[in-house]
Amino acid sequence: MDIAQLLLFASLLLPLHASAAKHQSSNSGSGDTIVFTTLGRSHYEFDIFALSTRHPPSISRELRITDGESVNFNGYFPSPSPALISLLPDETLIQPEPEDSSPLHLIYVTERNGTSSIYYDLIYGGDSDSKRNRRAILEAPSRIPVPLLSNAVHRSVTTVNSFKDKPSLSGEFLVYVSTHENSGEPRTSWTAVYSTELRTGSTRRLTPSGVADFSPAVSPSGNWTAVASYGERGWTGEVEELSTDIYVFSTRDGTHRVKVVEHGGWPCWVDDWTLYFHRRSDDGWISVYRAILPENGALTIESVIVQRVTPPGVHAFTPATSPNNHDFIAVATRRPGNDYRHVELFDLKKREFIELTRLVAPKSHHLNPFLSPDSSRVGYHSCRGQANGRRSPLLLLENIQTTTTDLSLFRIDGSFPSFSPSGDRIAYVKMPGVYVVRPDGSGRREVYNGMAFSTAWDPVRPGTVYSSSGPTFATERTEVDIISIDVDAADTSSSVRRLTTNGKNNAFPWPSPDGKRIVFRSGRTGHKNLYLMDAEIGETGGLWRLTEGAWTDTMCSWSPDGEWIAFASDRESPGSGSFELFLIHPNGTGLRKLIQSGSGGRTNHPIFSPDSKSIVFTSDYAGISAEPISNPHHYQPYGDIFTVKLDGSNLRRLTHNSYEDGTPAWAPRFISPSDVVLRRKKNDSSCSFDDCHWLNKNPTLKSQKISC
């Protein structure tokens, strides 16, 4: 932009402050509201199921254990203990065991009421072949599932929004993962292992400070815990099978920590000297391995014997064992030519697989198996769908609990949400399609049926939404253009206007607060940089270049007070995939970096608060929270929602989970923190999510490309 252009454009920006004051006055609610996206999460509907390992699998023998309403996953069958039983709200509900029935004690992770928790249930199901498959305790009118961390002594353990995962029991102690403690370093995982005494709630951190541990497993004696961990070297951005190592330490206090295996994940114990885990083998297949620890002498990595267990030709991972069972293990598999993840047994003596869930529900994903202490049952989680006689309500806005009353936080069933100036409507995309809906879930309709991403409302032209029409994650020369959509037009054939004309990846439009200009990114020079154009007639009315360089500037937004444009850029390491957040004045001056996520990290999708004093964004600032292979597909199995003030202070993490949270929006007015139900369409699929795309790879086909 030359001097003449700068002077002309500066004069056009003078009215912005008056319109900004008008905009800010509309934010008269009792707090702030932020909405964000978690791709695919609204369709999970996970419940925990169990099958007998002693009878042929069938639909009639599959027992659904959990409530059919919450998102329930990563279960564990503990041996009963007095401390566990004492937590039931009424111990008189415990029935005498019939001769043909034995109760199931289940500990599991559940997402309900806007937060992640660990629950305990006692279920009477009998042998899975019995006609008396009933959940007497669970279904009793007075029955309330028991949260296990509600009385934790350290309040931070029970703080809402912290991610809990992979629970197991050691006598009186619950061992699990939590993300409630800030690691203190950017792009470093907050995930650590904790032990909570069930009777008292006393909690101890078992993971050393500055280290992240994943997927803990307690040995049969309870003396040892094994974890997958990067140790002090930390996570470096891996998004597929992780190159973690296996460590073991004392369950009592975390001491005697020793690395026993290089490169391994998801450990589990058969006895105190035998571990199973998964890793990607040299031949490309993800396989299960066995580590034999010395019964006598010093425990070092050199003293451990490692053996491959499952053969090439099938991906086998997330193994499960039961105490002293040297006959078989349970694994999740992805077989060539099959798009679904299934649970199978692997006979350790015959060295052969025994199929289970494919014979029950061939077109459903089944994740993270676990075995009962007597080896008679295998549990796993799967999407309940319609087959179980009920469907969870589809939520437009899922309330996520926060630690303050002046902030409401929602997950929306869509991507790239944005609010109309008065906050009475939300625009979002479904890829394909742009939709508008009222915040109460009413009036949803499609206003554009093409492939589009990003939305932004015009602040002065009622009913005008800007978007990017074309494919996502495309090259500079890909045809993507800025469009404006009149969402109130009676004639939909004339409701869409194209504002850019060259099709060189023009995307992420955001209007100035006076509605005169739009900032957007374009690849028209061969690099993605920021430009400004007329908001009403597009680039034919004038084009001003805001940034210039052989890098990518993208995901831009304009502050409501007109002072700043925020954007993500890889300018400090072009082409590396590492993005930081920057601020620049609309006249091209004042460029400065706001925040970055360590070395090589990502901070994306910045959006201003209504008062222009803060920004909400998504980032891998808190690293990853779980092994990606333990979840359905996410393009980036990390990313949480953060806010930060424009001076870089008061960085706050708002979401904690093992998913990919992104594309946040800041509402102009407060929305009460309660779920908003969206009426389902007949063709809405409750289980329409993919398994990890990188598991599609068949290593025997060297030239095969992975879908991602």
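The residues of the chain are indexed from 1 along the displayed sequence. For clarity, every value in this text was computed on a predicted model and none was experimentally measured.
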Answer yes or no for Arg280 and Trp285: cation-pi contact, defined as NZ/CZ to six-membered ring centre under 6.0 Å and angle to ring axis within 45°.
-> no
ring-ring contact (aromatic ring centres under 6.0 Å, His included) against Phe328, all qualifying residues, sequence neighbours excluded | none
With Arg112 as the cation and Tyr119 as the aromatic partner, state whether NZ or CZ is under 6.0 Å from the six-membered ring centre and within 45° of the axis.
-> yes
Does a side-chain heavy-atom distance below 4.5 Å link Val331 with Ile329?
-> yes
State, with a plain yes or no, whether a side-chain heavy atom of Trp266 is found less than 4.5 Å away from one of Phe317.
-> no
What class does the angle between the rings of Tyr340 and His342 fall in, given that below 30° is parallel, 30 to 60° is tilted and above 60° is perpendicular?
-> tilted
Nearest heavy-atom approach of Pro632 to Phe689 is CB-CD1, 3.7 Å
Applying side chain to side chain donor-acceptor pair (under 3.5 Å) between His326 and each of Asp271, Thr321, Thr274, report the one that passes.
-> Asp271
Using the six-membered ring of Phe353, assess whether NZ or CZ of Arg335 lies under 6.0 Å from its centre and within 45 degrees of the ring axis.
-> yes
Would you call Glu660 and Arg41 a salt bridge, using N to O less than 4.0 angstrom?
-> no
Electrostatic pair Arg358-Glu344, nearest N-O below 4.0 angstrom = no
Using a strict cut-off of less than 4.0 Å between a Lys/Arg side-chain nitrogen and an Asp/Glu carboxylate oxygen, indicate whether Asp691 and Arg334 qualify as a salt bridge.
-> yes
With a 4.5 Å limit on heavy-atom distance, are the side chains of Leu198 and Leu174 in contact?
-> yes
Lys NZ or Arg CZ of Arg257 over Tyr247 ring: under 6.0 Å, within 45° | yes
For the residue pair Phe163 and Trp190, is the inter-centroid distance of their aromatic rings smaller than 6.0 Å?
-> no
Is the Tyr44 ring parallel, tilted or perpendicular to the Tyr659 ring (thresholds 30°, 60°)?
-> perpendicular
Would a distance-only check, ignoring hydrogens and angles, find a side-chain to backbone donor-acceptor pair under 3.5 Å from Thr655 to Ile641?
-> yes
Side-chain donor-acceptor contact under 3.5 Å, Tyr230 with Glu238 | yes
Decide whether a cation-pi geometry holds between Arg279 and Tyr289; the criteria are a distance under 6.0 Å from NZ or CZ to the six-membered ring centre and an angle within 45° of the ring axis.
-> yes
Find out whether Val260 and Leu275 are in side-chain contact, i.e. whether some heavy atom of one side chain is under 4.5 Å from a heavy atom of the other.
-> yes
Where does the angle between the aromatic ring planes of Tyr120 and His105 fall among parallel (under 30°), tilted (30 to 60°) and perpendicular (over 60°)?
-> parallel
Does a donor on one side chain sit under 3.5 Å from an acceptor on the other, for Asn368 and Asn74?
-> yes
From Thr225 OG1 over to Phe173 CZ, what is the distance, rounded to the nearest 0.5 angstrom?
-> 11.5 Å
Could you state the interatomic distance from OG (Ser281) to CD1 (Ile286), rounded to the nearest 0.5 Å?
-> 8.5 Å
Kindly say whether the aromatic ring centers of His366 and Tyr380 come within a distance under 6.0 Å.
-> yes
Note, Val258 side chain near His256 side chain (heavy atom, < 4.5 Å) = no
Does any non-hydrogen side-chain atom of Leu394 lie less than 4.5 Å from one of Val677?
-> no
Roughly how far apart are Thr333 OG1 and Arg341 CZ, rounded to 0.5 Å?
-> 9.5 Å
Will you find, in the side chains of Ser215 and Glu627, an N or O donor that is under 3.5 Å from an N or O acceptor?
-> yes
Which of Val309, Val270, Asp327 passes side-chain contact (heavy atoms from CB on, under 4.5 Å) with Leu348? It is Val309
